[in-house]
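Structure record follows, encoded as structure tokens.
Every number for a ligand or one of its atoms is a count from 1 in the order of the listing. Small disclaimer: the values here were computed from a predicted structure and weren't measured.
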Amino acid sequence: MNGTALDEIDDLHWTLGLIQNLEVGLVVVDRKACIKLWNGFMANHSGLPAQDVVGEKLFDKFPDLPTHWLHQKLETVFLLRNPAYISWEQRPYLFNFKNNRPITGYSKFMYQNITLIPLTSPTGDVDHIGILIYDVTDTATGQIALENANQKLKKLSREDRLTGLNNRGYWEECLNREFERYNRTELVSSLVMFDIDHFKKVNDTYGHQAGDEVIRAISQALQIQARKTDIAGRYGGEEFGAVLTGTNGVNAMIFAERLRANVESLLVKHGEYQINCTISLGVSELNEDVESATAWLEQADKALYQSKQNGRNGVTLFSV
Ligand SMILES: Nc1nc2c(ncn2[C@@H]2O[C@H](COP(=O)(O)OP(=O)(O)OP(=O)(O)O)[C@@H](O)[C@H]2O)c(=O)[nH]1
């Protein structure tokens, strides 16, 4: 053997060593999806050494693979002779490997980015594809945790702590949006505002904690009665609002009256006491006479004030 041949063998030897020890998975398959190369990364994570895998059909050896999808991807790479990239966001993993990172141990599996590379033979044909598997568990779990934290923050910024209802800021935003929507679609909506009657007396008689229990119980009654499309919020200390989308004034009055009766029949337990409360409600239908979201709110508030004037524990529909 001459010097050049020895050099080439030497080059091949260290190239193979490099491939075997890469911290990236490498699988080479032919046109029949027969496995030609299976590097150390793949052996370590699958528990299957190269001698058990090389020469086998990929889909026979790994029946859990997304056969149809991967087959199509491989065919496209053979046909177009262009690489294909699949990120963990499109498909969390190709091979179901356990996540063995101690820091990101809360993910059960290894997130993977995948690259499919067409491999050209000396004749210029593409008869093989290299499948590269990158372990991106750290990036993926970090990004998922960040997204979850953002979702939680968003929820917290919109939520009233005591009741879990929308807080005033977010509820007003929804009210404004509903008003804008009405201007575009003219689909009717109604607003119900209500306030707990003589609530100061509840606090003074049973204490602030008991008052909080009453607020929570009434909020729950509101949440149970509201539809998914209704927008319920805590407007102030003991004042609440509900935007009833797609509901006219007459039906909003039925809603309000049912809620009034529900609250009237509630008995809120606090220690040895059972506290009974009532609410006063005002209803305002959104129609072309209402000039702004603020005007809509003022109308419902006027109707609520009328209910208080009428002796409380009642419902009033705003009229000019
Ligand atoms: N426990 C508790 N009390 C609150 C909260 N927010 C406001 N309040 C109390 O609600 C009471 C509201 O009293 P008022 O505005 O005088 O009204 P009211 O006693 O309900 O009388 P009317 O509305 O006229 O029937 C006050 O005593 C506030 O301290 C809260 O989050 N928890």
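- Of the possible polar contacts, one joining the Gln225 side chain to the Phe255 backbone as a donor-acceptor pair under 3.5 Å is found.
- Heavy-atom contacts of Gly211 reach the following atoms of ligand 1: 1 (N) (cutoff under 4.0 Å).
- In this structure, atom 20 (O) of ligand 1 lies nearest to the protein heavy atom Phe199 N, 2.7 Å.
- Among all protein heavy atoms, the one lying closest to atom 19 (O) of ligand 1 is Lys200 N, 2.9 Å.
- Tyr235 pairs in a ring pair (Phe, Tyr, Trp, His ring centres under 6.0 Å) with only one of the listed residues (Phe194, Trp171, Tyr170), which is Trp171.
- Side-chain atoms of Asn113 never come within 3.5 Å of backbone atoms of Ser87 as a donor-acceptor pair (strictly under, hydrogens ignored).
- In this structure, Arg31 satisfies the cation-pi test against Phe78, with its NZ or CZ atom closer than 6.0 Å to the six-membered ring centre and inside 45 degrees of the ring normal.
- Protein non-hydrogen atoms do not reach within 4.0 Å of atom 14 (P) of ligand 1.
- Numbered from 1 in the order shown, with element, the atoms of ligand 1 that lie under 4.0 Å from a heavy atom of Ile215 read 2 (C), 5 (C), 30 (C), 31 (O), 32 (N).
- Contacts between Ile196 and ligand 1, counted as non-hydrogen atom pairs separated by less than 4.0 Å, involve the backbone only.
- With hydrogens and angles ignored, the 3.5 Å screen pairs no side-chain donor or acceptor of Arg260 with any backbone N or O of Val263.
- When hydrogens are left out, the protein atom nearest atom 6 (N) of ligand 1 is Gly237 CA, 3.0 Å; that is the closest non-hydrogen contact.
- Among His198, Glu239, Arg312, Arg234, the residue whose heavy atom lies nearest to atom 31 (O) of ligand 1 is Arg234.
- For atom 28 (C) of ligand 1, the nearest non-hydrogen atom of the protein is Asn203 ND2, 4.2 Å.
- Here the OG-CD1 distance, from Ser189 to Ile231, works out to 8.0 Å after rounding to the nearest 0.5 Å.
- Ranking the protein heavy atoms by distance from atom 17 (O) of ligand 1 puts Glu238 OE1, 4.0 Å first.
- Panel note: side chain Asp197, backbone Asn313; a donor-acceptor pair is recorded below 3.5 Å.
- Of the listed residues (Asp212, Asp195, Thr163), the one carrying the non-hydrogen atom nearest atom 2 (C) of ligand 1 is Asp212.
- Judged purely by atom type and a 3.5 angstrom limit, Ser307 has no side-chain atom pairing as donor or acceptor with the backbone of Gly282.
- Proximity annotation for atom 22 (P) of ligand 1: of Gln209, His208, Lys308, Lys308 comes nearest, heavy atoms only.
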